[in-house]
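The shown structure was predicted, so the numbers you read here are calculated from the model rather than taken from an experiment. Proteins get letters first, then strands, A, B, ... in listed order; numbering begins at 1 in each.
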There are 4 protein chains.
Amino acid sequence: MTTEEKCSRGRPRCAKTHHAILQVTLALIAEQGYADLRIDEVAKRAGVGKQTIYRWWNNKAELCIEALLEDFHPTRLPDNPQGNTLRDDLLELASAISCRLNTPAARNMLVGVISASRVEDGSLASFRLQFLDTRREAIREIFSRHENNVHLRSGFDLELAVDLLHGPMWYRLLMDHGPLDEAFVRALVEGVLRLAVEEER
Amino acid sequence: MTTEEKCSRGRPRCAKTHHAILQVTLALIAEQGYADLRIDEVAKRAGVGKQTIYRWWNNKAELCIEALLEDFHPTRLPDNPQGNTLRDDLLELASAISCRLNTPAARNMLVGVISASRVEDGSLASFRLQFLDTRREAIREIFSRHENNVHLRSGFDLELAVDLLHGPMWYRLLMDHGPLDEAFVRALVEGVLRLAVEEER
Amino acid sequence: MTTEEKCSRGRPRCAKTHHAILQVTLALIAEQGYADLRIDEVAKRAGVGKQTIYRWWNNKAELCIEALLEDFHPTRLPDNPQGNTLRDDLLELASAISCRLNTPAARNMLVGVISASRVEDGSLASFRLQFLDTRREAIREIFSRHENNVHLRSGFDLELAVDLLHGPMWYRLLMDHGPLDEAFVRALVEGVLRLAVEEER
Amino acid sequence: MTTEEKCSRGRPRCAKTHHAILQVTLALIAEQGYADLRIDEVAKRAGVGKQTIYRWWNNKAELCIEALLEDFHPTRLPDNPQGNTLRDDLLELASAISCRLNTPAARNMLVGVISASRVEDGSLASFRLQFLDTRREAIREIFSRHENNVHLRSGFDLELAVDLLHGPMWYRLLMDHGPLDEAFVRALVEGVLRLAVEEER
DNA sequence: TGTTAACCGAGACGGTACGTCGAGTCTTGGC
DNA sequence: GCCAAGACTCGACGTACCGTCTCGGTTAACA
C-alpha cells in the first residue's frame, strides 16, 4: 500500500471494498493456508474484480501481509497489562500472544507470508518492522514500569527478551511438535526473568 | 523414497543421477528460495528428464524435503561435543547450529519447506521428526553426560530446552531483525542453563 | 445518435467536443486499425472523459460507424460527374471512389467496422444502407442522365452495376494482391458498360 | 505454423489434437463469429489445454487463418470443370464458389479473419497467397483449356478476371444487400466473358 | 552374443492459476 | 446538468509451471 497522496480527482477509492478484500483474504488463509490461496477466490468472495485487488497490492504476498497486519494490529491486542509484578505482566502478555498464535489460521498465515517473501524483499520488511516494533514496545513498557522494583542484569538487551519470548512460541507453532499451553508459556517467562534480572525476589 | 527391491532385470538406476538431482535442488533453493524453485530448472541443471525426477519423488515438496534432510543429515553435523562442563558443550552445540543456519540458503530452505506443507500433511511430518529428533537427541546426550555434575531443576523437560535453544535462533532467522552472532548464542545458552539447573556452579 | 431536445436545465452539451471525438476516432482507426482502437485512447486524445463518449454512443462499434459515416458522407464525395458520355461519367465516379479507398486508413476503417458487426446486427445495417444508398444513387443518376444516348440491356439491374463496380475494388483492397490503379478502374468501367448496354458505340 | 524441422527427440506432436483444434475453431467461428470466438472455448471443446493451442499458433488470427485454409483447401474444392465451352466452365466454377461462400459461417469466417489482420501482417499474406493462388489457378486452367476456341482480348489479364468474379461475390457477402443466387452468378460470368473475349460466339 | 526390459532425455500434453488488459459503468468534485 | 478523472465489475487474454504421457535411444543383466 502506497501513501495516498493522489489529488482527489476522480472516483475515490471505495473503503468498504478495501476492507472486505482484507477480511476475505484473512478468512481464506485461515481456511486453506497461504499456498492454496487463490486471488480469483478472494475477488469472488469479496464481490470484487480481480483488477481492484491488483490495483492496490502488487502480488499475493503484499496482500496477505497487509491482511495480517490488520489482524495483528496493536489496536486489536490486549491493553498493556497492569499487574503488580514484572512476572505477572510478562505472563499476561505472553499468554495473550500465545492465544493469538495458537490457531491453525494464525499458523497458516504467519508461516505462509514469512516464507513467501525473501529476506531482501521490502514487502516483508514493513511487516517485520510493524509486527516486531509493536511487541518490542509492549515488552519495553512492561520492563520500564517495573524498573524500580527489579534490578536488571547488566548487558541484557530488549531484543533478546523479544526473541526469548516469541522465538520458542513460533518454533512450536511451526514445527508443531509440542503444545503451546499455559505451562509452556510460564516456563518461557521464567526463562526470560532469570536472564533479565539479577535477583528478582 | 522407498527402497524397493525390484527384480533386477533391465538397466539399473543411475545413482549418480539421483544424487545430482538432490544437489541441484539444494543449490536452487539456496539461490532463489523454495517458492521460486522450478522442476524444469532442476531437470535442466541436472541434465536429466523431468520424468526421472518424478519417478522417485511424487512432487516438489517431497523432493525438497529429501534434499533438505540430506543437507542437514546427522552425519554432517559436528560430532557430539566433549567439553568439560555442561555450559561448554551447550555452547559448542548451539554455535554449530547457528553457523549451520546463518546463511540465506538455510533460511530459504527451512522456511520454504515448512510453509509448503500444511500441519496435517504427512510429508512434513517425517522431516520434522527426523530434524527435531536429531537435535533433541544431541541435547539429551549432553545433559546426560553431565548429569552427575549438575542438579537439574525438577519439572524441567528436554523439549522445552530444545525450543529455548532453537526457537530464538529460528525467530531471528525468519524475522531477520537482529544478528545471529556469538553473543546471541551465548545468551541463549545462559538462559537455558538458568532454566534447567538448580545451581550449576 | 438521436437528437433529443432535452429540457435546457444545466450546462448544454459541447458540440465541439462531439466533433473532436469523431475526428480522433477516425485518426486512430486509420493509424492502427479498428481492432486496436482503445476507447481510453480516444478519450485521452480528445481531452475528454470516457463517460462523455458513452453518453452519446452505446459502444465502440456505434462510435466507429458514425465516425466512418461522417468521413464518407455524401457531402464529402465529389459532385456528380457531368461528362458527355456514360463512359466518362462512370470513369470519373469510379476514379473518385478508388482514390477514396486507396489508403491504408480507409482499408482499416471499412474492414474493421464491417467485421465488427454481425450480419444480424442493426448497427451495421444503418451504415450499409447509407453507404450503399449513396453510391447506388450516384450510379443511378449517371445512368438516367444518359438513358437517351445508350440502349440499356434488358434485365440489367442497378444493384448488379454497383456490385460490379465496387466489388472488385473492395476485393483488391481487402486481399491486397494487386494495385488499385487507373488501369484497373478503367477495366472495371469497361466491364460494367459491356454488361449494361446493348451496343454503346 | 512453422515448418516442422525439429529433431525428433521428445514426444511427437499429436496429430489428432491438432486437427480437432482446427475443426472446433471452424465450428465456433461459424456459430458465433470471429469476434466472439474464445480461445478458452476452443480449448475446452477440443478437450485440449490452452497452452497446446498457443504452442502452435501465435494468436487467434493465425489459428483462424489456418482453420480457414484447411476448410477452403484445394482438395476440398470441386474438381476442375470439364464442360464444352468456356462459359459453361466458368459458370460451374463460379457456382461452386458462391455455394461455398453463401453461408453465415463462411461470411463470419472470411470477414473476421481478413479484418483481424493488418495489411502488413504476414499471417494474412499466406492466407491470401494460398487462397488466391488456388482460385487464380483454377481460372487460368479453364481459360487455357479453351484458348483455341475463343479469342482473348488483348491486354486482358487473369488477375482482373479473378477480381471480377470474386469481388462482387465478396461484396454482396460482406454488405449483405442482395442475394448471392444463380442469377447473380450468371451475370458475373457474363461480365467476365464480355471483358475477356473479343467475340466468343 | 543377442534379448529384453527398465532406464533415460526430450518435449508435447491437460490442467490450473497467474497477472494484465480493455469495455463499459459508476461516483466523485468542479464548473 | 455537463464534464474530466479515475475506481469499479466483468471476462478474455496469453504465460507459466505442475505433474503425466509418449517418443526414440541407451544400457546392463539375463539367456
Colleague: In whole Å, what is the span from the CD1 atom of Ile21(B) to the P atom of dG19(F)?
Modeller: 14 Å
Colleague: Is the distance from OP1 or OP2 of dC8(F) to the nearest side-chain N or O of Trp56(A) less than 4.0 Å?
Modeller: yes
Colleague: Ignoring hydrogens, what is the shortest heavy-atom contact between Glu70(D) and Leu22(D)? Give both atom names and the distance.
Modeller: OE1-CD1, 3.4 Å
Colleague: Return the value, rounded to whole Å, for the distance between atom CG of Asn59(A) and atom C1' of dA17(E).
Modeller: 14 Å
Colleague: Among residues 47-55 of chain A, which residues get a heavy atom nearer than 4.0 Å to DNA chain F?
Modeller: Gly47(A), Val48(A), Gly49(A), Gln51(A), Thr52(A), Arg55(A)
Colleague: With distance as the sole test, does Thr52(C) use its side chain to make a donor-acceptor pair with the main-chain N or O of Val48(C) at under 3.5 Å?
Modeller: no
Colleague: Less than 6.0 angstrom separating the ring centers of Trp56(C) and His18(C), yes or no?
Modeller: yes
Colleague: Judged by each residue's nearest nucleotide on DNA chain E, which is more toward the 5′ side, Ile39(A) or Lys44(B)?
Modeller: Lys44(B)
Colleague: Judged by atom type as modelled, is there a donor-acceptor pair below 3.5 Å linking the side chain of Gln32(D) to the main-chain atoms of Leu28(D)?
Modeller: no
Colleague: Does the Lys60(D) side chain pair with the main chain of Ile39(D), one donor and one acceptor, at a distance under 3.5 Å?
Modeller: no
Colleague: Hey, which sits more toward the 5' end of DNA chain F by its nearest nucleotide, Asp40(B) or Asp40(D)?
Modeller: Asp40(D)
Colleague: Does any donor-acceptor pair link the side chain of Arg11(D) with the base of dC21(F) at a separation under 3.5 Å?
Modeller: yes
Colleague: Let me know the distance between NE2 of His18(B) and C1' of dC8(E), rounded to the nearest Å.
Modeller: 15 Å
Colleague: Once you round it to whole Å, what is the distance between P of dC17(F) and NZ of Lys60(B)?
Modeller: 10 Å
Colleague: From CG of Leu63(A) over to P of dC18(E), roughly how many Å is that when rounded to an integer?
Modeller: 11 Å
Colleague: Please identify which of these residues, Asp40(B), Val24(B), Thr25(B), Ile21(B), meets the side chain to side chain contact (heavy atoms under 4.5 Å, CB included) condition with Arg45(B).
Modeller: Val24(B)
Colleague: Which whole-number value in Å describes the distance from Asp36(C) CG to dG22(E) P?
Modeller: 9 Å
Colleague: Name the residue closer to the 5' end of DNA chain E, choosing between Leu37(C) and Ala43(B) according to the nucleotide with the nearest heavy atom.
Modeller: Ala43(B)
Colleague: How many whole angstroms separate atom CZ of Arg45(C) from atom C1' of dA4(F)?
Modeller: 18 Å
Colleague: Tyr34(B) OH to dC17(F) P: how many Å, rounded?
Modeller: 15 Å
Colleague: Check whether Glu62(A) reaches the backbone of Asn58(A) with its side chain - one donor and one acceptor, N or O, closer than 3.5 Å.
Modeller: yes
Colleague: Please figure out whether Asn58(D) or Pro12(D) has its closest DNA chain F nucleotide nearer the 5' end.
Modeller: Asn58(D)
